[in-house]
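Notes follow the structure.
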Amino acid sequence: MAGGEFALIDRYFTHSPFGQWISQGVGDDCALIDVGGVRMAVTTDMMSIGTHFFPDAKPRNVGHKALATNLSDLAAAGASPRAFFLSIALPEADAVWLSEFSAGLMDLAHRYDCALLGGDTVRTVKVNGVQAPHTISITAIGELAPGLGLMRSGAHINDDIWVSGTLGGPFAVVEKRYGIWNVPQGEAYVRAEKELDIPEPRIALGQELLRVATACADISDGFLQDLGHILDRSGVAAEIELNRIPMHEVLKEISSNQAMQAALSGGDDYELVWTAPVSAREQIQAMSQRLNLPLTRVGRVVERNQENQSFRLLDVTGQPVEVNFTGFDHFG
Ligand code: ADP
Ligand code: MG
């Protein structure tokens with residue numbers, strides 16, 4: 001499932017470990033770095049208007065989401081947010097845009113007690129008459145107890161595969177806004193819009209999963225693609241029962257093929273996907289109650305077959321089905 005973006009990272013930006021700090025290196029949602037008696041989880045994500053946001057996105061939502069996507073990576077590691085750095089490139093110093101952006105950003109930062117400790121601000125220019133878009137890069141740092149932290153490696157054969165919340169709602173909204181899909185705009189649509197525009201990072205869930213999950217990732221680029229990273233880094237495969245996938249309610253209102261595409265490979269869910277031993281089922285169900293968040297078992301970890309395939313997708317009757325959806329890939 002590795003597309004152009006991940007082949008590019010592998011080829012140019014993945015090196016054998018060096019330097020004095022101990023970490024697992026490139027390839028997880030966060031690098032886990034042991035310094036002194038502390039383990040830090042560090043992640044960075046960049047977003048541009050036009051690529052990650054619609055050109056008319058509300059600046060308050062842009063501020064929220066730019067930080068939320070980074071906090072979602074901290075959640076995938078089970079880390080507690082502590083601090084972040086903000087780099088921003090702007091075509092102009094628009095006071096209204098900036099005050100709204102910073103309100104959205106700082107509301108979320110305060111809610112998670114995650115302090116802004118630095119950054120960089122630059123002005124973008126026109127090149128050959130074309131204005132570069134607003135671009136925001138955030139580096140977030142979280143804290144973990146020494147020796148703890150979730151990674152994408154660690155899934156074992158026979159582990160269950162779980163996912164939080166529901167999938168596919170935000171993608172249905174994107175397709176509707178582009179005018180590609182016809183999606184009725186009822187209550188479920190409004191909820192999906194909120195999930196797309198102001199996603200809530202699953203920080204509390206990630207912290208609870210520290211005790212039970214064997215591997216974890218957040219779903220930013222599509223369920224199959226992000227689970228695929230767990231499978232690749234763990235050297236295993238997944239058997240997924242498609243009728244168990246927690247489909248967003250808005251998907252009931254579109255064709256089943258579109259619904260499946262949105263849930264399996266639409267991006268922007270910002271839910272967590274993880275593996276855990278069968279013995280953890282009751283604990284995970286109790287977490288779901290405590291957090292008031294659906295947590296759904298969608299399949300299990302199996303050995304890779306001779307063709308080295310990552311996925312076996314099963315229909316209601318347990319028969320294998322083929323899908324040709326892939327997740328989001330910036331260079332795909
Ligand atoms: P995420 O969506 O959780 O931010 P991805 O799955 O997109 O992460 O990225 C895969 C891995 O590649 C991550 O560990 C990320 O930190 C790393 N990565 C992406 N781009 C670069 C880069 N330019 N240099 C070094 N590492 C990178
Ligand atoms: Mg991630």
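Remember, it's 1-based here, ligands and their atoms both numbered in the order they're listed.
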Original post:
At the 4.0 Å heavy-atom cut-off, does Phe6 count as touching ligand 1?
Top reply: yes

Original post:
So which protein heavy atom does atom 17 (C) of ligand 1 come closest to, and at what separation?
Top reply: Val26 CG1, 3.7 Å

**OP:** Determine, step by step, whether Asp107 and Arg111 satisfy the side chain to side chain contact (heavy atoms under 4.5 Å, CB included) criterion, reporting the C-alpha distance in whole Å, the side-chain angles of both residues, the deciding distance to 0.1 Å, and the verdict.
**Re:** CA-CA 6 Å; Asp107 278 356; Arg111 271 209 284 129; 5.9 Å; no

Original post:
Any idea how Phe101 and Trp97 line up, ring-wise: parallel (<30°), tilted (30 to 60°), or perpendicular (>60°)?
Top reply: parallel

Original post:
Which bit of Arg152 gets closer than 4.0 Å to ligand 1, counting heavy atoms only: side chain, backbone, both or neither?
Top reply: side chain

Original post:
Does CD1 belonging to Ile22 count more than 12 external heavy atoms closer than 6.0 Å?
Top reply: no

Original post:
Do ligand 1 and Asp29 have nitrogen or oxygen atoms that lie under 3.5 Å from each other?
Top reply: yes

**OP:** With sequence neighbours left out, write down each residue that passes side-chain contact (heavy atoms from CB on, under 4.5 Å) with Pro91, or none if nothing qualifies.
**Re:** Thr124, Gln131, His134

**OP:** Apply the side-chain contact (heavy atoms from CB on, under 4.5 Å) test between Ile138 and each candidate in Leu105, Leu71, Thr43, Thr44; give the one that qualifies.
**Re:** Leu105

Subject >> Atom pair CG (Asp29) and CG (Asn70), whose distance is rounded to the nearest 0.5 Å >> reply: 11.0 Å

**OP:** Establish whether Leu210 and Val38 are linked, either directly or via other cluster members, by ILVMFWY side-chain heavy-atom contacts under 4.5 Å.
**Re:** no

Original post:
Less than 4.0 Å between a side-chain N and a carboxylate O, is that true for Asp34 and Arg39?
Top reply: yes

Original post:
Hey, are Asp315 and Gln319 close enough side-chain-wise for a donor-acceptor pair under 3.5 Å?
Top reply: no

Subject >> Shortest protein heavy-atom distance from atom 27 (C) of ligand 1, along with the residue and atom involved >> reply: Ile9 CG2, 3.9 Å

**OP:** Indicate yes or no: does an N/O atom of Asp73 lie under 3.5 Å from an N/O atom of ligand 1?
**Re:** yes

Subject >> Thr166-Glu249 side chain donor-acceptor pair, cut-off 3.5 Å >> reply: no

Subject >> Asp28 neighbourhood, listing ligand 1 atoms whose heavy-atom distance to it stays under 4.0 Å >> reply: 13 (C), 14 (O)

Original post:
For atom 2 (O) of ligand 1, what is the nearest protein heavy atom, given as residue, atom name and distance?
Top reply: Ser220 OG, 3.5 Å

**OP:** Give the contacting part of Asp226 toward ligand 1: side chain, backbone, both or neither, where contact means a heavy-atom distance below 4.0 Å.
**Re:** neither

Original post:
How many protein N, O or S atoms are found at a distance of less than 2.8 Å from the Mg ion (ligand 2)?
Top reply: 3

Original post:
Can you tell me which residue and heavy atom of the protein come closest to atom 25 (C) of ligand 1, and the distance to 0.1 Å?
Top reply: Phe13 CB, 3.6 Å

Subject >> Minimal non-hydrogen separation, Arg233 against Ser153, with atom names >> reply: O-CB, 3.5 Å

Original post:
Which atoms of ligand 1 are found less than 4.0 Å from any heavy atom of His229?
Top reply: 6 (O)

